[in-house]
Structures are given as structure tokens and as C-alpha cells.
Amino acid sequence: MKRHLLRLTDLTDREIMDLIDRALQIKRERRLFRGELRGYTLGLLFEKVSTRTRLSFEVAMFRLGGNTIYIRPQDTQLSRDESIKDTAIVLSLYLDALAIRTYSQRLVEEIASYAKIPVINALTDSFHPCQILSDLMTVTEKKGDPRNLKIAWVGDGNNVANTWIHAAMILGFPLQIATPKGYEPERSLIPEIPSNIVFTNDPCEAVRDADVINTDVWVSMGQEGFKDEKIKAFEGFRLGRELLALAKEDAIVMHCLPAHRGQEITDEVMDGPNSAVFLQAENKLYMHQAILKWLLL
Ligand code: CP
Ligand code: NVA
């Protein structure tokens with residue numbers, strides 16, 4: 001049966017844990033997994049820029065023996081008003097899967113509704129499910145089963161925070177989210193928030209005794225017009241030595257990157273012994289292989 005990955009809630013807890021296991025196995029035994037997607041083509045329809053997600057999907061597909069085509073919407077007839085429906089049907093005739101990075105979650109869901117192939121959300125303004133799957137893999141690699149850990153978020157209530165909320169809803173771990181007032185995650189995107197998820201405007205409260213601390217940029221793609229006001233509002237939410245000291249001694253620090261060093265995270269923490277940020281970037285390659293195999297084979 002054809003599946004899409006549009007939001008993390010498209011997956012069950014078992015499927016998430018299974019993808020983590022498969023990605024860790026691919027990482028351990030990388031030679032065994034070459035060539036399984038020979039003859040398959042993944043399209044990458046990217047309206048926003050990307051370093052990690054684009055490259056790791058491309059290399060993941062090459063390692064599995066398949067091909068990718070990077071598609072900028074402005075180079076297609078979408079830029080001359082060809083309909084979403086017709087575009088989705090035609091792309092389905094050539095491609096085996098389509099990863100989309102764009103602004104609107106609704107647009108990704110609309111394309112998926114017409115597509116005859118699996119559609120993957122490679123980031124929207126609302127969610128970033130592939131990122132949280134690879135981040136859960138990183139948490140598992142560094143600290144064991146994420147269901148037993150206390151996870152904190154410090155920063156903007158953005159697409160990455162929203163997806164951590166989905167992860168906590170599905171897996172049940174305690175998640176403490178600290179955002180400045182007015183920058184909380186949008187509740188309409190996540191209507192039913194269970195009691196294991198706590199919101200605060202105090203970063204110290206969120207990170208106390210945490211096993212994992214997450215942060216992200218203060219100004220996400222598309223929000224450049226709000227840069228000055230956001231930087232002012234987020235003063236006090238910088239992840240530095242003092243905040244880290246409130247977490248467990250062996251806590252890991254996570255940032256999906258790109259980072260603005262000195263803004264949301266200090267150099268000292270990002271390059272320090274608790275940092276897992278480059279492992280997160282590395283693990284996207286293995287998780288994307290696991291996702292592609294799961295959707296296509
Ligand atoms: N973490 C992440 O999605 O990075 P890119 O924007 O570089 O793809
Ligand atoms: N919240 C960030 C994540 C980048 C990977 C953004 O949307 O720009």
C-alpha cells in the first residue's frame with residue numbers, strides 16, 4: 001500500500017521505533033544496503049533552500065543505487081500557473097517518490113492527495129518530520145530508548161518544535177518546551193496536547209534535569225521580515241553554559257542546523273563535549289535511506 005510521510009503522526013510508535021532500528025542497522029552495515037533502489041528515481045521539489053536535507057536525500061538515494069532530480073518550482077510550469085493537480089499527476093508518471101520542501105503544509109498535502117507515488121515532507125513552515133526521525137535516531141544512539149528520556153526545547157515554537165510535540169504525543173516521553181511569550185507553538189496545528197508535554201516561558205524550567213536539550217534558529221526560513229523583533233524577544237533563550245549546567249551532566253545538546261552561532265547557541269556549547277549537532281547531520285543520511293526503503297520496497 002502506498003504511504004506518504006507528511007507529518008510524524010502518519011507513523012505509529014512501532015513504525016518510528018522500527019525506522020530508528022533500520023537506520024541504525026544501515027549505519028552499522030553500510031555495505032550491505034547498496035543497490036536496493038536501482039532504477040528508482042526520487043524527485044526533490046524544493047522551494048526553500050537546503051544543505052543537509054537535499055544532500056543527504058541525494059546521497060541516500062545514490063547509495064541505494066537510485067537517482068534523484070532536484071526540481072526548483074520556478075523552473076517548472078508551476079511558475080506559469082500549471083495546476084497543482086496536473087503537476088502531481090505528471091510527476092507521478094516519471095518519479096517513484098517525491099520529497100517536497102516548501103512553505104505551506106497544505107500544499108504538500110494537496111500534492112500528496114493527487115500523487116500516485118509516496119510524498120515526503122522535507123520541511124514546511126509547520127513540520128519537519130524527517131528531521132525528527134533522524135534526531136530520534138541520534139538520541140537513541142547517544143542515550144538509548146527515547147521513550148525513557150526527558151527532552152527539552154528552548155527557542156521558537158516553530159516547525160521543528162511542532163514535530164517534537166508530535167514525537168512526544170506518539171512516544172510518550174516528557175517534553176518541556178520553553179518559548180518567549182507570543183512564540184509558543186501554534187495550537188491549531190496540534191489540537192490534542194497530552195499531559196507529558198509542558199509549556200513554559202522560562203528556559204531554566206524547561207532544561208532542568210533534561211537528558212536532551214534542543215534548540216533551533218530564532219528566525220526560520222520565510223520569517224526574515226521579523227528578524228529584528230524576534231532577536232529582541234529571544235534574548236535570554238540563548239543556549240549557553242549556564243542553561244546547560246541545569247540539565248543532567250551527561251545531557252546532549254541538539255540543533256538541526258543551520259545554526260547562528262552566538263545567537264541561539266554559543267560556540268562553547270555547540271563545539272563542547274555535550275554537543276550532538278554534527279552527529280544529527282550525519283544521521284540524516286542513514287535515516288533517509290531507511291525512509292526511502294520503507295516507502296519504496
Ligand atoms: N536540518 C536541515 O533540514 O538542514 P537544511 O535546511 O540544510 O536541509
Ligand atoms: N526552523 C528552521 C529549520 C531549518 C532546518 C527553518 O524552518 O528555517
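As the structure lists them, so they are numbered: ligands from 1, and atoms in each ligand from 1.
Considering backbone and side-chain N/O of Met221, one or more are found under 3.5 Å from N/O of ligand 2. Polar contact with ligand 1: absent for Pro258 (N/O pair, distance under 3.5 Å). Geometrically, ligand 2 and Arg101 share no nitrogen or oxygen pair separated by less than 3.5 Å. For ligand 1, the polar-atom distance check against Leu123 finds no nitrogen or oxygen pair separated by under 3.5 Å. Between Lys48 and ligand 2, no N or O atom pair is found at a separation short of 3.5 Å. Considering backbone and side-chain atoms alike, His128 places every N or O at 3.5 Å or more from each N or O of ligand 2. Residue Arg54 has no nitrogen or oxygen atom sitting less than 3.5 Å from a nitrogen or oxygen atom of ligand 1, judged on distance alone.
Of all protein heavy atoms, the one lying nearest to atom 4 (C) of ligand 2 is Leu123 CD1, 3.9 Å. At the top of the distance list for atom 6 (O) of ligand 1, counting protein heavy atoms only, stands Arg101 NH1, 2.8 Å. Annotation: atom 4 (O) of ligand 1 to nearest protein heavy atom, Arg52 NE, 3.0 Å. Looking only at heavy atoms of the protein, atom 3 (C) of ligand 2 is closest to Asp216 OD2, 3.6 Å. Looking only at heavy atoms of the protein, atom 7 (O) of ligand 2 is closest to Asn159 ND2, 2.8 Å.
Of all atoms in ligand 1, listed by their number and element, those nearer than 4.0 Å to a heavy atom of Cys256 are 1 (N). Close contacts of ligand 1 with Leu257, meaning ligand atoms under 4.0 Å from a residue heavy atom, involve 1 (N), 2 (C), 4 (O). Residue Lys284 approaches ligand 1 through these ligand atoms, each under 4.0 Å from one of its heavy atoms: 1 (N), 2 (C), 3 (O). Atoms of ligand 1 found under 4.0 Å from any heavy atom of Gln131, numbered from 1 in the order shown, are 1 (N), 2 (C), 3 (O).
Remark: distances from the non-hydrogen atoms of Lys48 to ligand 1 are all 4.0 Å or more. The shell of residues lying under 4.0 angstrom from ligand 2, judged by heavy atoms, includes Leu257.
The only member of His128, Gln105, Arg7 that meets side-chain hydrogen bond (donor to acceptor under 3.5 Å, both in side chains) when paired with Asn121 is Gln105.
Contact detail for Ile170 and Thr12: the closest heavy-atom pair is CG2-C, 3.9 Å. Between Val217 and Asp156, the closest heavy-atom pair is O-CB, 4.1 Å. Contact between Met287 and Leu133 at its shortest, heavy atoms only, is CE-O, 3.3 Å.
Looking at Val217 against ligand 2, only its side chain comes within 4.0 Å, counting heavy atoms.
The existence of a salt bridge linking Asp135 and Lys284 is excluded, since no basic side-chain nitrogen approaches an acidic carboxylate oxygen closer than 4.0 Å. A salt bridge links Lys248 with Asp211: the distance from a Lys NZ or Arg NE/NH1/NH2 to an Asp or Glu carboxylate oxygen falls below 4.0 Å. A salt bridge between Lys85 and Glu110 is absent, with no side-chain N of the basic residue lying under 4.0 Å from a carboxylate O of the acidic one.
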- Can Leu136 and Met17 be said to form a side-chain contact (heavy atoms from CB on, under 4.5 Å), step by step? CA-CA 9 Å; Leu136 287 166; Met17 297 312 290; over 6 Å; no
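Annotation: cation-pi pair Lys150/Phe173 absent, no NZ/CZ under 6.0 Å from the ring centroid and within 45° of its normal. Cation-pi geometry between Arg54 and Phe46 is not satisfied (NZ or CZ under 6.0 Å from the ring centre, within 45° of the ring normal). Within the cation-pi definition used here (under 6.0 Å to the ring centroid, within 45° of the axis), Arg30 does not qualify as a partner of Tyr286.
Ring-plane geometry between His288 and Phe57 is classed as parallel, the angle between the planes falling under 30 degrees on a 0 to 90 degree scale with a further cut at 60.
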